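Below: the structure, in structure tokens.
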Number of protein chains: 2
Amino acid sequence: MEKAISQKDVAKIIGVSTATVSNAFNRPDQLSTELRQRVLSECAKLGYSGPHFAARSLRSGRSDVVCVMLSDTLSYSFSDPMANLLLEGISDVLAENQKQMLLMSSTISSDAQIRAETLPDGFIFYGTPRGSSFDRILSLGKPCVTVDFTYKNLPSLNVDNYGACCELAKAAIRDKNDLVAVIGMRFLTASIVKRLSKQDMSLPSKEITWSRLLGFKAGASDKGVDIVSDNIIHLHRNKPKEAEIAARLLLMQEQRPNLILCMSDVIALAVCRVAQQLNLRIPEDLRVTGFDDIEEARHAKEGLTTVFQNGIEKGREAATMLLEGVTEHRKVPVELRLRGTH
Amino acid sequence: MEKAISQKDVAKIIGVSTATVSNAFNRPDQLSTELRQRVLSECAKLGYSGPHFAARSLRSGRSDVVCVMLSDTLSYSFSDPMANLLLEGISDVLAENQKQMLLMSSTISSDAQIRAETLPDGFIFYGTPRGSSFDRILSLGKPCVTVDFTYKNLPSLNVDNYGACCELAKAAIRDKNDLVAVIGMRFLTASIVKRLSKQDMSLPSKEITWSRLLGFKAGASDKGVDIVSDNIIHLHRNKPKEAEIAARLLLMQEQRPNLILCMSDVIALAVCRVAQQLNLRIPEDLRVTGFDDIEEARHAKEGLTTVFQNGIEKGREAATMLLEGVTEHRKVPVELRLRGTH
DNA sequence: CTGAAAGCGCTTACAG
DNA sequence: CTGAAAGCGCTTACAG
């Protein structure tokens, strides 16, 4: 395959300057419609499909590429229902605005990725970033929007995790005799399933799961119930397999909880499956709540009690904020969905 | 925010040539370890995080970006379980090989996307492409791999859809008195749910669902059963909502089928839900089979009878083929999973 | 092992 | 409305 034809080549063949070819593609107002049409159709004939991406980007300083920086590996994110909904919303708005989507993970800082960080015109950070990319990208001074976390006065999009979880706990807890447990992810950086220690409780991170936990505790406290650290299970990731392990841990212990507040529907549904295997009836023997209200939660026979957040709308909003240059902190509404499992 | 520091700037400050700075980042063998370390640490101090992406790409002719060209919108693809698994596998291998992932949809041909098509070093096409991007990209002469379709001698990765479906039909059909229906997507280009006409049957496209249908018909024929076009429902997309409409269509007709062969687990699970709403017992009143063996299929109480394909492995294989420059046609193994719904 | 210099393909002010 | 020319930031053969 020989080298592709360039703007200079087609300009010479058509008999105009390169500026005219460039303008035909980029600035229609700079030349007559007739000339523009002629140039464009000649280009098509010659197999020139428009300015070379890297050259244009170098010269103009723009790429029309938006980076979505995920706080976990891409691979994991594709398996997470809420991440998929968010990406759905983002990709819609980007497509509507002729932007390309580059997916990166802040868990990676290879040379190649560091280099690629200079490509996008803007960034959407989804979830608290892990590695060094966040600082590097901030120093680039390009537009950024943060989702599910806040950083100084960067525009951000969040959910009222604390409030929603407080309300949910109040709705799900009957009286002070309830034994309440919690399963959530990312309380710690540990990559194993484990109970929290008393000490862990004094070191909350910026992860949203801590806001949720504090919400649960506040709601529980309102009902006269204390959620002890021993009954709070940390998962590395929002994965069914991990959640099943956590559920077994809780449901086979001497003092079996009769209510498990889960930080996601994925976890809650896994708990329901384990309960079924152990012949525990829901909600008679065990009550379970989720978070997110993913589609599968609505398919469950009992109907999962959970908190709805609109992932697609959240993605759309985040992308819109970036493209419109919004500079404020915004909230996405959430809604309690009280169904059969509590 | 002032302009970012360039290679030229740091070279002057450190007191070496730009070539040395470039080599420190790109070709470690071209200078002594000591000098390289000094250059790198000075760069870090100065806030120079490496060569500018577009400039490097323009000069070197490489971008280290791989494009995954989806046959549907990004938005839809993020909602499809198999697409997500494929992306999971691809993203793993790309990360391992320091490649960035750019997601595009062949349904789009905006100027911005056409321009961006010149950026990647290689392409993975997932599913039969829709618009004009395929031809344009082929003319670029860059490495391509096709997944779930074949084009001339481009390297491809496929599944034996025909064989698997033939076997599945043989396993699921009991005798020639069975009334068999099929629900699948993309038989036609119509964006509505509809029964196929006799005429439609004579115009198979290159979509994999046609191979599957022909496999079903062959297996059925082996059992003395004919699947009539009226009992074959076309869905626009592999979506639960559409599948539920199709299921209602079939289950409420006068001659109710007692076996529905579905082209995906998403469809099959939707059929099971509708059957339950209609108080039909599975498998006594209705048998159902799927395709893919997604995680949810294993969660279903009855255990869905389906065909397993390893989406993550498929993605890994496709990415590996692209990066290693494989030029052959390859197959991913599939496996019948006979469980409770047939 | 290091440096001076050409040029990748384009966009954009500027002169006409 | 059009064209000549500078230069975006880098990589790479080449000379030393």
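Not measured: the values here are computed from a predicted model. Throughout, a chain's letter reflects where its sequence line sits, starting with A, and its residues are numbered from 1.
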Would you mind reading off the distance between Arg56(B) atom CZ and dT11(D) atom P, rounded to a whole angstrom?
6 Å

Please work out which of the three classes, parallel, tilted or perpendicular, describes the rings of Phe78(B) and Phe78(A), given edges at 30° and 60°.
parallel

Under 3.5 Å, which donor-acceptor pairs link side chains of residues 6-16 of chain A to any protein atom two or more places apart or in another chain?
from    : atom 1 : to      : atom 2 : distance (Å)
Ser6(A) : OG     : Lys8(A) : N      : 3.3
Ser6(A) : OG     : Asp9(A) : N      : 3.3
Ser6(A) : OG     : Asp9(A) : OD2    : 3.2
Asp9(A) : OD2    : Ser6(A) : N      : 3.0

Between the CG atom in Leu103(B) and the CG atom in Leu87(A), the distance rounded to the nearest 0.5 Å is 8.5 Å

Output the residues of residues 112-121 of chain B in contact with DNA chain D, where contact means a heavy atom of the residue under 4.0 Å from an atom of the strand; sort by number or write none.
none

Asp80(A)/Arg237(A) ion pair, N-O < 4.0 Å
no

Is the phosphate of dG9(D) approached by Tyr48(B) (side-chain N or O, under 4.0 Å from OP1 or OP2)?
no

To the nearest 0.5 Å, tell me how far Ser22(B) OG sits from Arg27(B) CZ.
7.0 Å

Identify which nucleotide among dG9(C), dC10(D), dT12(D) has an atom closest to any side-chain atom of Ser6(A), counting heavy atoms from C-beta outward.
dG9(C)

When rounded to whole Å, the CZ to P distance for the pair Phe53(B) and dT11(D) reads 12 Å

By side-chain hydrogen bond (donor to acceptor under 3.5 Å, both in side chains), which residues pair with Ser60(B), not counting sequence neighbours?
none

A correct dot-bracket answer for DNA chain D, with pairs being Watson-Crick or G-U at under 3.5 Å, [ ] for crossing pairs and | for inter-strand pairs, is |||.||||||||.|||

Under 3.5 Å, is there a donor-acceptor pair linking the side chains of His329(A) and Ser156(A)?
yes

Rounded to the Å, how far apart are Lys12(B) NZ and dG9(D) P?
13 Å

Measure the distance from CG on Asn26(A) to P on dG9(C) and round it to the nearest whole Å.
17 Å

For residues 125-151 of chain A, pull every pair meeting ring-ring contact (aromatic ring centres under 6.0 Å, His included), keeping only residues two or more places apart or in separate chains.
Phe125(A)-Phe134(A), Phe134(A)-Phe149(A), Phe134(A)-Tyr151(A)

Contact pattern, 5' to 3', of nucleotides 1-7 of chain C - B, S or - by protein heavy atom under 4.0 Å:
SBBB-BB

For the side chain to side chain donor-acceptor pair (under 3.5 Å) test, which of Asp72(B), Thr209(B), Asn238(B) pairs with Arg186(B)?
Asp72(B)

Pairing donors with acceptors under 3.5 angstrom, does anything connect the side chains of Ser105(B) and Thr107(B)?
yes

I need the Asp121(B) CG to Lys142(B) NZ distance, nearest 0.5 Å.
6.5 Å

